[in-house]
Amino acid sequence: MGVNNEELTLSDEELMTDDEMDDLDKEVSESGSELEDEDMKLPEPSKNAIFNRDGIADKLQDISWPENVGWIHKLVIDFDQEQEVDVNDDLTRELAFYTQALEGTRQAYAELESMGIPFLRPPDYYAEMVKSDTHMEKVKGRLLAEKRSIEEAEERRKARESKKLAKEVQLKKQKERNAQKKTAIETVKNWRKQRKQSGFAGGDKDGELDMPFEDGKVFERSNKKRPGVSPGDRSGGKGRQPWKGKNGPEKKKSKRESRDSKFGFGGRKGLKKQNTADSTDGFKRFNKGSATGNNKRKR
Amino acid sequence: MGNKRKHIETQVIEPAKKEESASERPKRTLFGWKDKTEEKETDPVPPHQGSFRNKEKVLVTCSRRINFRYRHLMLNLVSLLPHCKKDSKVESSSTKAATLNELVELKNCSSALFFECRKHKDLYLWMAKCPSGPSVKFLVNAVHTMEELKLTGNHLKGSRPLLTFSANFDKDVHWKLMKEMIIQIFGTPKDHRKAKPFYDHVFVFSIVDDHIWFRNYQTSVPHNETDKIARGGLDKMTLVEVGPRFCLNPIKIFGGSFGGPTLYENPFFVSPNQIRALQKKKKAGKFAKKVKAKTRRKMHEQSNPLEPDEFADMWKE
């Protein structure tokens with residue numbers, strides 16, 4: 001009997017869906033919204049939907065358990081939600097479910113406690129669980145990994161911040177040092193001025209302060225690099241005396257200077273022109289120009 | 001993979017067969033342990049609670065060519081319901097109703113959960129009370145299985161769940177019917193032989209947006225004794241989600257099991273096929289629109305031709 005009915009309903013269903021399809025088409029082409037929703041709903045209830053309340057009530061009576069069944073058989077708790085929950089807001093929805101479960105369990109536990117039945121699992125009661133140990137191990141691993149990644153991120157953030165702080169501190173120190181230097185110079189200047197004002201004639205000659213030869217360093221070669229002179233230059237910088245150029249002295253001079261500083265000037269060439277192990281091994285500078293030339297010729 | 005599955009199926013089928021034989025020959029001592037349970041289950045007068053005894057058994061099957069995800073969901077439910085019997089897959093054809101009814105009868109079950117997968121995408125769940133009772137067809141979406149690592153809870157296998165329902169189940173008669181069916185199918189019978197005596201998880205059935213949402217939480221309470229909660233323990237109770245999660249969208253309620261007269265139709269329901277068809281049509285419309293626009297332009301140009309330019313050959317000479 002079930003078969004016939006089933007087939008009947010199935011064919012009915014198909015027919016109806018076809019009809020509905022057409023209706024729906026029109027509707028959607030009119031409204032055209034909500035299409036992206038995976039879980040779509042008709043904008044208004046279809047009129048020809050069956051709703052046989054009496055039949056359902058009858059069936060409910062048929063299947064339901066007797067009225068006086070003890071709560072312990074059903075373990076059902078109803079929970080009244082105060083306000084409507086927005087479906088698309090995942091967080092509030094889940095929170096609503098959570099609170100429902102929590103309140104339900106509280107009520108149920110109170111009831112069970114009043115019945116005096118043991119209902120909590122003793123800590124030494126070991127039995128098969130829904131999820132296997134290997135699976136729980138995986139879960140644990142994931143939790144740990146999550147925790148670790150959070151910690152690492154935290155550490156990185158801290159390091160970044162401390163770096164920033166260190167920079168600031170350094171800047172401050174530099175400033176301080178500069179200020180100190182400035183004040184020192186200032187004080188010296190002031191002191192000199194005062195000396196001059198107080199009528200100390202020939203103060204500079206007499207002063208023990210600015211006599212460089214006193215410490216005997218005059219005869220030593222100064223450590224300073226001569227500007228624009230290569231280290232091996234023994235010409236005493238004669239090669240680049242500025243007055244030698246006759247035409248356009250200024251311009252030439254600047255050009256020469258830059259080139260000299262780039263390629264060097266004077267000094268012994270021998271050391272520079274020797275091959276080294278690297279240069280013999282490497283093909284870096286080998287036949288460079290001709291290759292491009294060939295290309296050009298071919299074209 | 002295939003081997004594994006087969007193995008499970010045979011395992012499940014085996015005890016059922018034994019039971020059958022046991023019911024035919026209850027005196028046989030070879031299956032002594034079986035006899036005992038059989039006695040226990042058919043015991044007409046339990047020691048307390050009067051004459052009522054819940055002897056619900058649920059057959060859980062799925063259609064052929066089911067998705068792995070949905071199959072896992074089904075297996076999760078099997079592990080949650082100690083009073084269920086799993087059976088091999090059933091071909092999802094027009095005669096499936098007869099096959100399923102036969103199967104249920106064969107297995108001595110009083111209700112059934114049938115997971116029907118169509119087009120490898122859409123999962124329908126049939127919830128049926130079996131010999132004569134009503135059956136409900138749901139569309140299942142938002143499926144998360146227990147295997148997901150985000151669901152960190154765990155609880156005893158076979159402990160009886162607490163069932164919580166949102167209050168809007170009492171709003172209308174069809175919701176009431178569904179609630180009753182859910183209570184009978186998802187509630188583990190008291191003193192079931194596979195049930196464990198403690199209560200450490202809770203099912204949530206909540207109607208939001210005309211869908212039934214299912215959640216399963218593990219409860220964790222600080223306690224020392226088995227029958228008493230320490231003072232303030234209820235306030236310190238926390239829940240950890242175990243899974244699975246799913247959301248049921250009722251489509252129809254039928255009078256019989258897996259068929260019969262339709263008692264209720266969801267007036268808002270749009271089948272996923274239609275949704276997909278519409279989406280496709282919308283996409284296809286793009287090209288059609290282009291072609292249309294082109295022809296329209298052509299027509300327009302033909303109907304109002306350009307006036308001949310009088311200065312066209314001015315510089316020709």
Side-chain angles (χ1 to χ4, degrees), chain A residues 2-3 5-7 9-10 21 24 28 35 39-42 45-46 49-53 55-57 59-60 63-64 66 69-70 72-81 85 87 97-98 100-102 104-106 108-109 113 116 118-122 127-131 136 138-139 142, chain B residues 49 52 54 79 94-95 97-98 101 129 133-134 141 149 152 154-157 160 162-167 173-174 176-177 180 183 187 190 196 198-200 202 204 206 208-209 215 217 219 223 226-229 234 239 255-256 258-260 262-265 267-268 270 274-275 278-279 282:
Chain A
V3 192
N5 279 334
E6 164 71 6
E7 273 173 8
T9 50
L10 276 183
M21 264 292 248
L24 216 105
V28 167
L35 247 179
D39 189 36
M40 204 169 66
K41 261 173 126 184
L42 283 182
S46 62
I50 303 166
F51 196 0
N52 184 355
R53 281 172 199 276
I56 291 175
K59 276 288 164 196
L60 182 58
I63 63 163
S64 58
V69 166
I72 193 71
H73 285 283
K74 285 189 171 182
L75 296 175
V76 171
I77 301 284
D78 286 326
F79 175 75
D80 203 351
Q81 272 165 353
V85 182
V87 212
F97 296 152
Y98 184 85
Q100 179 182 333
L102 198 66
T105 357
R106 274 180 189 156
Y109 276 2
E113 203 173 1
F119 60 97
L120 288 171
R121 174 191 179 187
E128 192 186 356
M129 305 291 272
V130 176
K131 291 177 183 172
M136 288 316 281
K138 263 191 220 164
V139 169
R142 187 197 143 98
Chain B
Q49 290 298 338
F52 178 76
N54 183 4
S79 72
S94 56
T95 59
N101 280 332
K129 291 298 294 173
N141 40 29
L149 294 181
T152 54
N154 198 359
H155 61 76
L156 286 175
K157 191 171 188 173
R160 296 182 64 202
L162 305 166
L163 305 172
T164 64
F165 289 87
S166 63
V173 69
H174 64 283
K176 270 186 195 168
L177 182 78
E180 186 64 33
I183 290 171
K190 189 175 172 297
K196 302 220 168 68
F198 305 112
Y199 302 86
D200 63 347
V202 51
V204 175
S206 182
V208 181
D209 190 35
R215 294 285 182 275
Y217 294 98
T219 59
H223 67 279
T226 56
D227 56 348
K228 239 184 265 170
I229 299 175
L234 274 185
L239 303 179
F258 294 106
T262 309
L263 298 179
Y264 166 78
E265 251 179 329
F268 293 101
V270 185
Q274 288 172 26
I275 294 170
L278 281 178
Q279 268 168 350
K282 203 184 177 190

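Here is the naming used below: chain letters follow the sequence lines, and residue numbers restart at 1 for every chain.
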Item to check | Residues in side-chain contact (heavy atoms from CB on, under 4.5 Å) contact with Asn54(B), at least two apart in sequence or another chain | outcome: Trp65(A), Phe52(B), Glu56(B), Pro189(B)

Item to check | From CD1 (Ile183(B)) to CD1 (Ile63(A)), nearest 0.5 Å | outcome: 9.5 Å

Checklist outcome for this item: Turns out that what part of Ala108(A) lies under 4.5 Å from chain B's heavy atoms comes down to side chain

Checklist entry - What part of His223(B) is in contact with chain A, defined as an atom under 4.5 angstrom from a non-hydrogen atom: side chain, backbone, both or neither? => result side chain

Checklist entry - So what's closer than 4.5 Å to chain A heavy atoms on Tyr217(B): side chain, backbone, both or neither? => result side chain

Checklist entry - Which bit of Val173(B) comes within less than 4.5 Å of chain A, counting heavy atoms only: side chain, backbone, both or neither? => result both

Checklist entry - How far apart are the closest heavy atoms of Ile72(A) and Arg160(B), and which atoms are they? => result O-NH2, 3.0 Å

Next on the checklist: Shorter than 4.5 Å, heavy atoms on both sides: which option in Ser166(B), Gly187(B), Gly133(B) has the most such pairs with chain A?
Outcome noted: Ser166(B)

Item to check | Residue selection (most heavy-atom pairs with chain B, distance under 4.5 Å) from Gln100(A), Gln81(A), Arg53(A), Lys138(A) | outcome: Gln100(A)

Checklist entry - When you look at Val130(A) and Asn154(B), which way does the side chain to side chain contact (heavy atoms under 4.5 Å, CB included) test go after all the steps? => result CA-CA 6 Å; Val130(A) 176; Asn154(B) 198 359; 4.0 Å; yes

Item to check | Side chain, backbone, both or neither of Lys129(B) within contact of chain A (heavy atoms, under 4.5 Å) | outcome: side chain

Checklist outcome for this item: Interface check, chain B: of Ser64(A), Pro66(A), Gly104(A), most non-hydrogen pairs under 4.5 Å belong to Ser64(A)

Item to check | Thr152(B), part contacting chain A, at a heavy-atom distance under 4.5 Å | outcome: both

Checklist outcome for this item: Counting heavy-atom pairs under 4.5 Å with chain B, the top scorer among Pro122(A), Gly55(A), Ala127(A) is Pro122(A)

Next on the checklist: Are Tyr264(B) and Phe51(A), when compared by the centres of their aromatic rings, separated by less than 6.0 Å?
Outcome noted: yes

